[in-house]
Each structure stands twice: as structure tokens, then as C-alpha cells.
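Report on the structure given below.
These figures come from a predicted structure and were not determined experimentally. Positions are given from 1, in the same order as the sequence printed here.
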Amino acid sequence: MSAPPGVLTVAGSDSGGGAGIQADLKTMLALGVHGMSVLTAVTAQNSLGVQGAWELPVEAVRAQYRSVVDDIGVQAVKTGMLSSAELVEAVADLISGTDAPAVVDPVGVSKHGDPLLAASALDSVRTKLLPVATVATPNLDEVAQLTDVRVGSEPDMRRAARAVLAFGPRWVVIKGGHLSGDAVDLLTDGSEEHWLRAPRHDNRHTHGTGCTLASAIASELAKGRPVPEAVTTAKAYVTGAIASGFALGEGIGPVDHAWNLNPPR
Ligand SMILES: Nc1ncnc2c1ncn2[C@@H]1O[C@H](COP(=O)(O)OP(=O)(O)OP(=O)(O)O)[C@@H](O)[C@H]1O
Ligand SMILES: Cc1ncc(COP(=O)(O)O)c(N)n1
């Protein structure tokens with residue numbers, strides 16, 4: 001039997017299983033690709049927030065990446081929590097030597113506002129990581145951290161996209177999940193523009209949406225889909241996962257990564 005396409009996530013662990021590496025691997029399973037992981041940090045995390053975070057040494061990150069890429073090979077890479085400037089730069093360097101599309105989710109803070117990236121790493125994200133991205137997927141807070149654009153409405157998303165594209169990614173998805181009304185994202189490479197619109201689900205259990213969207217894009221790219229098709233499929237997958245997000249713990253529960261596999265509960 002032939003192997004499914006391989007996708008590598010380079011991200012932090014969420015002990016609660018809703019975001020980070022855990023969300024990425026579940027998304028990959030649900031979308032029919034072989035998920036592999038390079039752990040950058042470990043978080044003690046649950047539905048209430050992040051109680052602690054510990055970074056791995058840069059040699060450990062490099063060694064995991066080399067182990068996977070040199071033997072198994074990858075058809076796409078996805079990055080999430082990278083924690084420090086040193087790790088951002090090491091990962092950018094590894095990706096630049098890999099012949100596979102890279103989806104960069106420039107994770108800054110958790111849904112509860114806990115920092116997942118040092119402020120001192122922002123410049124490395126702008127100058128080292130975004131230039132090697134095939135697709136970058138900032139949310140509106142990340143756009144505000146990385147550029148001087150503040151998005152308050154859909155038309156501002158165009159200015160945000162231009163500002164992020166100036167750092168060098170081939171495509172950008174500006175995620176409008178934090179606006180009100182429909183959940184609208186803008187995908188553009190500076191010439192083509194795709195507005196991806198989905199109904200907003202009135203469900204507070206949305207832990208992991210950003211990780212899930214980026215991993216779904218990487219999974220579809222690994223299957224050889226063109227970027228607009230990959231992002232459209234990923235948007236439909238994350239929308240379904242949010243619709244079935246469930247309560248877990250006292251706070252914000254996770255999206256349901258298996259919504260497309262399991263019969264309704
Ligand atoms: N309530 C919702 N209903 C439908 N889609 C949503 C909802 N909230 C977010 N989305 C969609 O989920 C995807 C992730 O967007 P979001 O802006 O939430 O990312 P994020 O901020 O990185 O994630 P998080 O808020 O978990 O850190 C986008 O496609 C966005 O439009
Ligand atoms: C380890 C880790 N990585 C990323 C996120 C962001 O999650 P989201 O997908 O909700 O933006 C998180 N909360 N924890």
C-alpha cells in the first residue's frame with residue numbers, strides 16, 4: 001500500500017489536547033495525511049489558560065527536524081508556537097533548506113492572552129520566518145503585533161494583507177475570526193484575492209481554531225492541491241470543527257477535530 005503524504009508540524013505541546021501539536025496531528029489524521037512533529041516547547045495548559053511553558057533547546061529542535069526530513073521526507077511543513085527568537089531563526093533556516101511548502105502560523109498569544117512568543121522574537125518572525133512561508137496565517141492580534149495595521153472591519157483586511165506580504169510570504173490568510181458577523185478570512189498573494197466566508201457559530205468552545213486551520217492548509221498542500229483550493233478546503237474543515245466544538249473543563253473547550261469522521265454525538 002502506498003504511504004499517505006507526510007506533513008511535519010513544528011510547534012508546542014498543549015497538554016489539554018485542543019491546540020498546538022495535538023491539534024495539528026489530529027487535523028492531519030482527519031484529513032488523511034501522515035502527521036509528524038518537531039516539539040519546540042511544552043506547555044501546561046487547559047481550558048482555563050496556560051499555567052506554565054518550557055522551551056526545548058535549539059539542538060533538540062534541529063535534531064528532531066533532521067531526523068524526520070533526512071529519512072522520511074515531508075510534503076509540507078507547518079509552524080506554530082516557536083517561543084523565542086533563537087528558535088524562530090533556527091526553524092526558518094531549516095525550512096529554507098527543505099523543498100516543501102511551509103504554512104507559518106505566527107502564534108503570539110493563546111486565546112486567554114498567555115504569551116507563546118517572546119516580544120524579542122517579533123523581528124525574527126518578520127525578517128526570517130515570514131520570507132520562507134508559502135502561506136502565512138496571522139490572526140488580527142498577530143497582524144497588529146507584526147505590522148502597524150489595526151483591523152476593525154473587512155476593508156482593513158486588505159491593508160493588513162499588503163503589510164504582511166511585504167515581509168515576503170507567497171500568500172497570506174488574514175483571519176477575521178475575531179471580528180463580528182460572518183467568519184471571513186482574506187486569502188491573497190497580492191494579485192489574486194479570495195474572500196472565504198463562513199457562518200459564525202455561536203459556540204464558545206473554539207480552543208485550537210488557528211492551529212487547526214493552518215494544519216489543514218498544510219495537509220491539503222501536501223496532497224498537491226493549489227493554495228486557493230487548499231485554503232478553501234481547510235476553511236470548510238475548521239468551520240465544521242468549530243460547529244461541533246465541545247465543553248471540556250471549566251473554560252473554553254476544543255474544536256472537534258473528528259467531526260468529519262465520527263457519527264454525530
Ligand atoms: N465562531 C466562529 N465561527 C466560525 N468560524 C470561526 C469562528 N471563530 C473563528 N472562526 C474561523 O476560524 C479560523 C481561525 O481564526 P481565528 O481568528 O479564531 O484564529 P486564531 O485567533 O489564530 O485562533 P485562536 O483564537 O484560537 O488563537 C478562521 O477561519 C476564522 O474565520
Ligand atoms: C502550544 C500552543 N500552541 C498554539 C496555541 C494557540 O492556539 P490556537 O489554535 O487557539 O490559536 C496554544 N494555545 N498552545
Side-chain angles (χ1 to χ4, degrees), residues 4-5 7-9 11-37 39 43-51 76 78-81 103 105 107 109-114 116 135 137 139-140 173 175-185 187 196-223 225 229-265:
V7 183
L8 180 61
T9 170
S13 165
D14 167 8
S15 53
I21 286 275
Q22 290 80 358
D24 298 343
L25 293 174
K26 291 176 197 182
T27 299
M28 291 169 194
L29 181 72
L31 293 177
V33 298
H34 175 67
M36 297 170 278
S37 60
L39 228 65
T43 69
Q45 187 170 173
N46 57 24
S47 70
L48 298 171
V50 177
Q51 290 80 43
K78 177 256 166 183
T79 70
M81 174 185 181
V103 180
D105 186 15
V107 171
V109 294
S110 80
K111 187 143 272 162
H112 293 90
D114 311 289
L116 299 173
V135 185
T137 63
N139 67 23
L140 300 186
V173 180
K175 297 180 292 192
H178 297 191
L179 293 175
S180 53
D182 282 351
V184 179
D185 306 333
L187 166 69
L196 304 164
R197 193 173 288 276
R200 174 169 299 276
H201 290 290
D202 186 20
N203 181 354
R204 72 185 288 253
H205 303 301
T206 54
H207 182 54
T209 51
C211 305
T212 301
L213 179 72
S215 295
I217 296 170
S219 301
E220 294 303 311
L221 290 178
K223 297 174 189 171
R225 310 279 187 256
E229 188 184 330
V231 177
T232 302
T233 304
K235 171 77 171 168
Y237 172 73
V238 78
T239 302
I242 292 168
S244 329
F246 48 88
L248 208 62
E250 298 293 309
I252 300 176
V255 302
D256 183 1
H257 293 101
W259 72 275
N260 60 335
L261 305 176
N262 292 336
R265 282 187 296 275

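Judged by distance alone, the side chain of Thr239 and the main-chain N or O of Ala198 form no donor-acceptor pair under 3.5 Å. For the pair Asp185 (side chain) and Gly176 (backbone), a donor-acceptor distance under 3.5 Å is present. Using a distance-only test at 3.5 Å, with no hydrogens or angles considered, a donor-acceptor pair links the side chain of Asp14 to the main chain of Ala19. The backbone N or O of Ile21 sits nowhere less than 3.5 Å from a side-chain atom of Thr9 that would complete a donor-acceptor pair. The backbone N or O of Tyr237 sits less than 3.5 Å from a side-chain atom of Trp259, completing a donor-acceptor pair.
Partner of Val7 under the side-chain contact (heavy atoms from CB on, under 4.5 Å) criterion, chosen from His34, Met28, Met36: Met28. The only option from Cys211, Ser37, Ser219 that meets the side-chain contact (heavy atoms from CB on, under 4.5 Å) definition with Asp24 turns out to be Cys211. Val173 pairs in a side-chain contact (heavy atoms from CB on, under 4.5 Å) with only one of the listed residues (Leu187, Asn139, Val103), which is Leu187.
Listed here is the closest heavy atom pair of Val255 and Phe246: O-CE2, 4.2 Å. The two residues Ala76 and Ala218 have their closest heavy-atom pair at CB-O, 3.3 Å. Listed here is the closest heavy atom pair of His205 and Gly251: CE1-O, 3.7 Å. Asn203 approaches Gly245 most closely through the heavy-atom pair ND2-O, 3.0 Å. Contact between His112 and Leu48 at its shortest, heavy atoms only, is CD2-O, 3.3 Å. Shown here for Gly210 and Lys175, the closest heavy-atom pair between the two residues is CA-NZ, 3.7 Å.
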Please step through side-chain contact (heavy atoms from CB on, under 4.5 Å) for the pair Val33 and Lys223, ending with a clear verdict.
CA-CA 8 Å; Val33 298; Lys223 297 174 189 171; 3.9 Å; yes

Does His257 form a side-chain contact (heavy atoms from CB on, under 4.5 Å) with Thr212? I'd like the steps, not just the answer.
CA-CA 8 Å; His257 293 101; Thr212 301; 2.8 Å; yes

Could you please spell out the steps behind the side chain to side chain donor-acceptor pair (under 3.5 Å) verdict for Gln45 and Ser110?
CA-CA 10 Å; Gln45 187 170 173; Ser110 80; 5.2 Å; no

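Inspection of the Ser47 and His207 side chains reveals no N or O donor paired with an N or O acceptor under 3.5 Å.
The line from CD of Glu220 to NZ of Lys235 is 15.5 Å long, rounded to the nearest 0.5 Å.
With sequence neighbours left out, Thr137 forms a side chain to side chain donor-acceptor pair (under 3.5 Å) with Asp105. For Arg204, there are no salt bridge (Lys or Arg N to Asp or Glu O under 4.0 Å) partners two or more places apart in sequence or in a different chain. Shown here are the side chain to side chain donor-acceptor pair (under 3.5 Å) partners of Arg200, two or more places apart in sequence or in another chain: there are none.
A heavy-atom distance below 4.5 Å is not found between the side chains of Val184 and Leu196.
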